[in-house]
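Chain A is the first sequence line, chain B the second, and so forth, proteins listed ahead of strands; every chain is numbered from 1. Below, all heavy atoms of this structure are taken into account, side chains as well, without hydrogens, waters or symmetry copies.
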Amino acid sequence: MELELPDGNILALPDGATGADAAAAIGPGLARAALAVKVDGEVQDLARPLPSGNQGPPKLEIITERSGQDALGLIRHDAAHVLAAAVMELYPGVKISIGPPIENGFYYDFAFPEGVSLSEADFERIEAKMREHIAADEPFTREDVPAQDALDRFRREGQDYKVELIEDLVRDQAVPTVSLYTNNGFTDLCRGPHAPSTKRIKAFKLQSVAGAYWRGDSSKPMLTRVYGTAFFSEKDLQEYLARLEQARARDHRRLGPQLGLFTFSEVSPGAAFWLPAGTEVFNSLVALSREMGRERGYVEVKTPQIYDSSLWRTSGHWQKYRENMFVTEYEGRQMAVKPMNCPGHCHLYSLQRHSYRELPVRYWEPGLLHRREPSGTLHGLLRVRHFAQDDSHIFCTEDQIQDEVSGVLEFAFATYEVFGIDVKLELSTRPEDRIGAEELWDKSETALLQALDAHGLPYKISEGEGAFYGPKIDLHMTDSLGRSWQLGTCQLDYNFPERFELTYTGPDNAEHRPVMIHRALMGSYERFIGILLEHLNGELPPWLAPVQAIVLPIADRHLDYAGAVRDRLWAEGGRVEVDERTESVGRKIRDAELRKIPYMLVVGDREQEGGQVSVREHRRGDVGSVALDEFIGRLSEQVKTRARI
RNA sequence: GCCGACGUAGCUCAGCUGGUAGAGCACUUCACUCGUAAUGAAGGGGUCCGGGGUUCGAGUCCCCGCGUCGGCUCCA
C-alpha cells in the first residue's frame, strides 16, 4: 500500500500496516514521538491498520505533541478516561456517561449513587489516583465488539447510560459493532482515538464540578460534570492557568465597580445600578445609536412599559413567553411589563394609517425591558433581568426586504467598526415551538439566506434556534473567558403583521400586509458595555470615557490654574476633573492610571506661565507639553471622530 | 429553574479543631507643597447575608431562605 506524506513524498508499506508501522518506517524518533495518525483528515490510533485508498494514496500525517489541537485533543480525551477510571475506583457504584475533549480541556459526566456528591475539595484525591494511572503508563487498547456483547457487558455492570447510548446507536444508525477502549481495568464505550498510553498526559488539572443534564435535556437527570484540562508540559499548563487568571482581571464584573461604572445589589437581582460614570458611558452609546440611526432613516419613538394582556395575547407572548414576563394585576385587569418592544411598536404602527409611500417605516426605541430570567442564568451585565435594547422594528413591503436586511447588516458592521469588535454571524431557523404558517417561515428563511449570500459573509446555520415568530441572523462575540454571547440580531417576521392585522395602502388603493424586521445591533446596552469593557480591558477611548481628562496640579498654588483648565475644557464639552487632593504628583498619576483615564494633564509653574498643559496619556506616559488650545483641539477631534486610539 | 461552591468593614482578604472580630487599600483629620504609577501620622467604620436550631457560649456546627460564582437548561 502507498500513502502520501505532507511533504508530497509517497510512503510504501506492506498491506495491513498500522499507523505505528508508518511512523517507524519514516524514522525511529518519529516512532517514539507518534501519538496517532491522521489519514485523509481523520485521526486514528497508531495500532489500527491503515486504510488503502480507493482513488490514489491516502494522505498520511503523523500526530505528535507538536500537532497542536489534534494532539491536545488526544491526551485530553485520554485524561477524561483516566479521570473516569479514578472516579470509578474511588466511588464504587458510580455510573459513567460521556467524557469528550473540548475546546480547552475535557470533561466527564458521572451519576453518583444516592447521597454521594462531589466537590472541588475531592479533586486532590482524584488527581492523585489519576497520577497513579499515568505513572503506570497503561496502554489504551481498542476492541471492536458486536453491539449486543457490549450491551450485555454494560447491563451486567449496571452502566445504564452506556446501555442507553448503545441502544441509540443500534436504533438510529444500525451499527453492528461498537468500539471499547481499555486502560488497565477500565473499559469505556468510546469512538476513540486515543494516544498509545496514559503516560503521554504530561500535565493535567481538574478545574471545576458542575451539574449537567443527561444529554443536555432539562427533563432528564442531572449528572455531575468534572471539568479539567491537560497539556504536554507543566509549563504549558501553568501558562494556560495564568492566562485564565489574567482574563479574570478583565472581567467586566470586576472592572465595572472598580472604575465606578455600575454595581449590583441584592434588592434587585439581575439589574445594574448605574453610577454617574457608567450612566455617562451608557448615554454615549445610546447617542451613537441615535446618531447612526438618524443617518439611516430611523425614527425614534417611545412606547409604554406595561400593557394589558390582550396585547400579549395578540402577539403570542401570553402563550409562548409568559413564564419570562413580569405579570401584575390591578382593577381586575391582567397587565404585563414588556419583555420586548415589538408588540408595542406593532400596536403603534396600527394606530395610524400608512401609505406605501411612507414605507419602510423604521421605528427605533432604546426601550427598557424586563424579563423574568431564571436566577441561575444571571451573569453580571451579560445576562440581566432589566435592560435596554437598541431596538428597531422596520415595517416594509416584501420587495423591500432584501434592501432592508442588507441595510441592517451594513448598519451592524458600521457599529462594530466603531469599537473594533469582530462578530460571528449565525442564521437561526424555525424552532419547534413557533407561531405562523409554514410558507411564511419558508419565505422568511429564504429572504435572510439571500441577504447573507448577497453580502458574501461567512455564517453558521443553527437549525431550530429562531425566535418563536421568525428566523433570525444573530451576531455573536466572545467575552474575556471565551464564552460566546449574542449581541445583535436581525429577525424577519411575517407573523406579527398578520396577528396585529397591520396594513398599508398600496398604489392600487388596496390594503396590503407589510413585513416586519426586528433588529438590535448592540443588542442590549448592558451586555454590550460588559463585552466592550472586557474587549478594551476597561480602557475606554476618549469619546466614551466618563472622565476624558484629569487635571493634576503639582502643588496647591496651581489649583487656580487647574480649575481654569477644567472650566475651559468643560465649556468645550469635555468631561474633565481636577485632582484637588494635597497628594504627590506620583500619587495623583497612579490613581488616574488605575482609573484608566485617557489623559492626565499635569500643571505646575511652567504650564501656568505658558498657558500649557503637560499631557500624559494612559499607559503611554508623558507625551510633552502643549498649549491648552491645542490639547482641546486634539481631544475634540478624537471625540468627534470617535477615535479608537 | 437544576447541580456544586462561596457570602467577614466601601474593596481585596485573614480569622486553626466553637471562647463575644483583624490586615492592606479606600475614607476623615493633621503635617508635608511635592514634576510623571503609592509622603507620613492619627482616627472613624462591622446586625460576621437573613431567619431558625444545637451549645454555658456560634463568624466558626446543623437546617431553611436570599444573593453571588462555576457549569447545565434557557436567552439580548
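In this structure, A:Phe110 and A:Val226 approach most closely via the heavy-atom pair CE1-CG2, 4.0 Å.
A:Glu617 comes within 4.0 angstrom of nothing in the nucleic acid, heavy atoms only. Residue contacts shown for A:Arg557 are limited to sugar-phosphate atoms, with no base heavy atom under 4.0 Å away. Residue A:Asp605 is in base contact, counting any heavy-atom pair closer than 4.0 Å across all strands shown. Within 4.0 Å of A:Glu583, counting heavy atoms only, lies at least one base atom of the nucleic acid. Counting non-hydrogen atoms under 4.0 angstrom, A:Leu118 reaches the backbone sugars and phosphates but no base.
The partner of B:G18 cannot be assigned: no Watson-Crick or G-U wobble pair with both contacts below 3.5 Å exists in any strand. Under the Watson-Crick or G-U wobble criterion, with both distances below 3.5 Å, B:C75 has no partner in any strand shown. Here B:C11 sits opposite B:G24 as a Watson-Crick or G-U wobble pair (both hydrogen-bonding atom distances under 3.5 Å). Base pairing of B:U68: its partner is B:A5, meeting the Watson-Crick or G-U wobble criterion (both donor-acceptor distances under 3.5 Å). Across all strands shown, B:U39 pairs with B:A31; the Watson-Crick or G-U wobble distances both stay below 3.5 Å.
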Mind listing the N/O atom pairs, protein and nucleotides 46-48 of chain B, below 3.5 Å?
none

For nucleotides 12-18 of chain B, print each protein N/O atom paired with a nucleotide N/O atom at under 3.5 Å, atom names and distance only.
none

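Spacing of P atoms, B:A76 relative to B:C3, comes out at 26 Å, to the nearest Å. Comparing B:C34 with B:A38, their C1' atoms are spaced 14 Å from each other, to the whole Å. To the nearest whole angstrom, the two C1' atoms, one in B:G7 and one in B:U47, are 15 Å apart. Here, B:C25 and B:C62 have their P atoms 35 Å apart, quoted to the whole Å. Rounded to whole Å, the separation between the P atoms of B:G10 and B:G45 comes to 12 Å.
The 12-atom threshold is exceeded at CD of A:Glu323, counting heavy atoms of other residues, nucleotides or ligands nearer than 6.0 Å. The local environment of CG in A:Asp560 is sparse, with at most 12 non-hydrogen atoms from other residues, nucleotides or ligands closer than 6.0 Å. Within 6.0 Å of CZ on A:Arg483 lie more than 12 heavy atoms contributed by other residues, nucleotides or ligands.
Here A:Glu410 pairs with A:Arg296 under the salt bridge (charged side-chain N to carboxylate O under 4.0 Å, His left out) rule; sequence neighbours left out.
Note: A:His345 and A:His393 have perpendicular aromatic rings, judged against thresholds of 30 and 60 degrees for the angle between ring planes. Classified by interplanar angle (parallel below 30°, tilted 30° to 60°, perpendicular above 60°), the ring pair A:Tyr91/A:Phe112 is perpendicular. A:Tyr525 and A:Phe282 have tilted rings, their planes meeting at an angle from 30° to 60° on a 0 to 90° scale. Between A:Tyr161 and A:Trp214, the ring-plane angle classifies as perpendicular under the 30° and 60° cut-offs.
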Worksheet item: What does nucleotides 68-76 of chain B look like as a protein-contact string, B for base, S for sugar-phosphate only, - for none, at under 4.0 angstrom between heavy atoms?
Response: SSBBBBBBB
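In terms of position on RNA chain B, the residue among A:Glu593 and A:Ser119 whose nearest nucleotide sits closer to the 5' end is A:Ser119.
Residue pairs meeting the ring-ring contact (aromatic ring centres under 6.0 Å, His included) criterion with at least one member in residues 414-433 of chain A, sequence neighbours excluded: A:Phe419-A:Phe528, A:Phe419-A:Trp543.
In this structure, A:Arg581 places its CZ atom 11 Å from C1' of B:C27, rounding to the nearest Å.
Cation-pi contact between A:Arg76 and A:Phe231: present, with separation from the ring centre below 6.0 Å and deviation from the ring axis of at most 45°. Remark: A:Arg519 qualifies as a cation-pi partner of A:Phe411 under the 6.0 Å distance and 45° angle criteria applied to the six-membered ring.
Phosphate proximity of B:U33 to A:Thr582: absent, as no side-chain N or O sits under 4.0 Å from OP1 or OP2.
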Enumerate donor-acceptor pairs with a distance under 3.5 Å from any side-chain N or O in residues 460-471 of chain A to protein atoms, sequence neighbours excluded.
residue: A:Ser462; atom: OG; partner: A:Glu426; partner atom: OE2; Å: 2.5
residue: A:Glu463; atom: OE1; partner: A:Thr429; partner atom: OG1; Å: 3.0
residue: A:Tyr469; atom: OH; partner: A:Gln491; partner atom: OE1; Å: 2.5

